[in-house]
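Beneath this line is the structure, given in structure tokens, with notes to follow.
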Amino acid sequence: RAYIRSASKMMRDRLSPGYLELVRELGKIADAMGLEAFLVGGFVRDLVMSHKNEDFDVVVEGDGIAFARRFAQVHGCRVHSHSEFGTAVIIMEDGFKIDVASARFEYYASPASLPVVETSSLKMDLYRRDFTVNTMAIQINEKSFGTLIDYFGAQRDIKAKAIRVLHNLSFVEDPTRVFRAIRFEQRYGFSIGKLTSNLIKNAVKMDFFRHLSGRRLFSELKLILEDENPIGAVDRMAGYNLLPFIHPDLDFGPEKQDLFESVKEVLTWHDLQFMDDSYMKWAVQFLALFHGFDQDQVDAALLRLEIAPKFHDLFYEHRQYGRQCLYRLEREEKIINSELYRMLRLLPTEMLLFLLARAKSKNAKRRLTRFLTELKGVACLLSGKTLKQMGIKPGPIYKKVLDAVLDARLDGKVFTFEDEMALAVRLINNANA
Ligand code: CTP
């Protein structure tokens, strides 16, 4: 039996007015079509736990695609639908997305020719999900707006801080759930339940991951590495002996744990310093995970994870060149700004941050932070256009002059536009002499 209570106060208190209004609008469309509609999954879990979550997942008992289309028609937005799955995504004008799924009524012939049993389609939909904490639903139709439905003890498990599967075949159905269990456990400071833990051990023993595509494995790992506590999660993966599914030689010993700690510090510093997290956090973590691997081992891991070719430079050329840079940064006595700039500008942010995490000496740390905070964004004031206006014939001289002016600026030898112009004129005259 479902545990039912009102969550409308919680919704009013924890949802911003705009989102609350949107939920009501969704409910009104369901009412107009005579459908029962619910918010489900991670959104409800996070609402109950007061965690921020703006991913709306709606389940409609009936035709979810028709529901999404009607909503879009009334509110002037777009819909992408997948008829084979009965799912749709509503894309609001501002880009906000709402996932919609259809739950269909299912009929079960019970034994001994008793009448056919009709099971609530919502309940069946929720039963197919990964963990109890993800199985709550909140009705959004006007008449029962905010009714929280909990069939499988989600609230009990949230109180007990436990991640539990709903049935013994959960990891057989979908082995990626093993990684999800670890991610949720670490994110919320929960523990994986005893039976669930045994099922994970069994999944490892029976190698359920053999047929898991690299793409899916990679996307789960990426989520883990981008979540708040990747160290705890990787430690758990190591504990369950899951790392060898990425590469047989992958480990998480004390040295690598230290490296992860250091990566964490660097990323926190970077994000605070620049208020910018547009770089690929997961890639920095993967560099740490693969630290100590030779190129063949990295090759095999990238292949297993089906990591797209566009990321390969980072793990091949940049990794190798980064290593050489770090060697110089640690050892060379004097590196002037322009040299530092020329050395490091070829590396992407992900590698620079990884090098900073690896740097041992004060010198290397100072040099890397100087590059990131002071030098990386430096540009000279004059440009190719200025040279053209000066009547200089376009050719290799442009690059020579612009590079020299930039070097002079980096090394504090020019300050104003006039300084730069004077230098440019001198260089051009020298070249012509
Ligand atoms: N789900 C599942 N098995 C999976 C992936 C997802 O059963 N392998 C279910 C879960 O019940 C989940 C819902 O589908 O609540 C939506 O999935 P997703 O958006 O990936 O997860 P969230 O729970 O919203 O988690 P997150 O906060 O990380 O997005």
Side-chain angles (χ1 to χ4, degrees), residues 14-15 19 23 37-60 64 80 82 85-91 96-103 121-138 148-155 157-158 161-190 192-193 196 199-200 203 208-209 211-230 232-233 236-237 242 245 281-282:
R14 297 180 191 173
L15 269 184
Y19 284 129
V23 178
F38 308 85
L39 278 168
V40 297
F43 175 81
V44 183
R45 173 197 72 218
D46 286 341
L47 185 77
V48 168
M49 292 172 60
S50 290
H51 259 258
K52 191 176 154 76
N53 187 333
E54 289 166 358
D55 289 337
F56 281 16
D57 270 314
V58 174
V59 165
V60 173
H80 276 191
H82 303 275
F85 303 116
T87 58
V89 185
I90 300 172
I91 305 156
F96 185 77
K97 290 182 183 154
I98 303 164
D99 284 312
V100 180
S102 316
S121 56
L122 174 72
K123 186 173 178 182
M124 280 309 293
D125 181 284
L126 297 172
Y127 184 65
R128 285 196 205 97
R129 289 172 184 254
D130 49 4
F131 309 111
T132 56
V133 294
N134 288 333
T135 58
M136 285 177 288
I138 291 178
L148 186 142
I149 304 162
D150 177 5
Y151 288 108
F152 306 109
Q155 295 172 100
D157 285 345
I158 286 175
K161 294 179 177 285
I163 302 294
R164 291 190 226 277
V165 288
L166 279 91
H167 55 78
N168 291 355
L169 294 179
S170 196
F171 297 127
V172 179
E173 276 168 14
D174 182 354
T176 62
R177 288 176 172 170
V178 166
F179 298 95
R180 289 174 61 87
I182 290 172
R183 179 156 58 91
F184 289 132
E185 180 192 59
Q186 295 301 315
R187 185 197 289 173
Y188 299 116
F190 281 21
I192 293 174
T196 303
L199 292 170
I200 292 179
F208 286 3
F209 310 97
H211 301 296
L212 191 60
S213 74
R215 198 178 47 78
R216 293 199 67 207
L217 182 56
F218 173 58
S219 89
E220 282 308 323
L221 289 174
K222 207 165 130 198
L223 288 170
I224 284 186
L225 294 175
E226 286 194 326
D227 234 358
E228 239 150 70
N229 189 6
R236 281 297 257 163
M237 286 200 282
L242 286 161
F245 293 108
K281 220 167 247 192
W282 63 266

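Note: hydrogens, waters and symmetry copies are ignored here, and every other heavy atom, side chains too, is used. In each ligand, atom 1 is the first atom listed, and ligand 1 is the first ligand listed.
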Contacting atoms of ligand 1, where contact means under 4.0 angstrom from a heavy atom of G41: 15 (O)
Validation row, ring centre Y19 to ring centre F96 under 6.0 Å: yes
SB check D157 K161 (cutoff 4.0 Å): no
Atom 3 (N) of ligand 1: nearest protein contact (heavy atom, Å): R177 NE, 3.1 Å
Which residue and heavy atom of the protein sit nearest atom 17 (O) of ligand 1, plus the separation: R180 NH2, 3.8 Å
Short N or O distance, D130 and ligand 1, threshold 3.5 Å exclusive: yes
N or O contact, R216 vs ligand 1, cut-off under 3.5 Å: no
Among R187, Q186, E185, the one residue meeting side-chain contact (heavy atoms from CB on, under 4.5 Å) with R183: R187
Distance-only N or O hit between ligand 1 and D46, under 3.5 Å: no
Ring centers of F208, F171 separated by less than 6.0 Å: no
Minimum heavy-atom distance G64-S102, with the two atoms named: N-OG, 2.9 Å
For atom 19 (O) of ligand 1, the protein heavy atom that lies nearest, with its residue and separation: D57 OD2, 4.3 Å
Structural part of F184 in contact with ligand 1, heavy atom criterion under 4.0 angstrom: side chain
Atom 29 (O) of ligand 1: nearest protein contact (heavy atom, Å): D55 OD2, 4.1 Å
From CA spacing to verdict: salt bridge (Lys or Arg N to Asp or Glu O under 4.0 Å), D174, R216: CA-CA 11 Å; D174 182 354; R216 293 199 67 207; 3.3 Å; yes
Nearest-neighbour protein heavy atom for atom 24 (O) of ligand 1, which is reported as residue plus atom name and distance: G42 CA, 3.6 Å
Results of side-chain hydrogen bond (donor to acceptor under 3.5 Å, both in side chains) for R14 - residues two or more places apart only: S50
Mutual orientation of the aromatic rings belonging to H167 and Y127 [parallel < 30°, tilted 30-60°, perpendicular > 60°]: tilted
E228, CD: over 12 other non-hydrogen atoms inside 6.0 angstrom: no
Exercise: identify the closest heavy-atom pair between D46 and Y188: OD1-OH, 2.5 Å
Residue part near ligand 1, for R187, under 4.0 Å between non-hydrogen atoms: side chain
Side chain, backbone, both or neither: R129 near ligand 1, heavy atoms under 4.0 Å: both
Ligand-side contact atoms (ligand 1) for residue partner R183, heavy atom cut-off under 4.0 Å: 28 (O)
Within reach of ligand 1, part of T176 (heavy-atom separation under 4.0 Å): side chain
Proximal ligand 1 atoms for R45, defined as those under 4.0 Å from one of its heavy atoms: 22 (P), 23 (O), 25 (O), 26 (P), 27 (O)
Shortest protein heavy-atom distance from atom 8 (N) of ligand 1, along with the residue and atom involved: D174 OD2, 2.6 Å
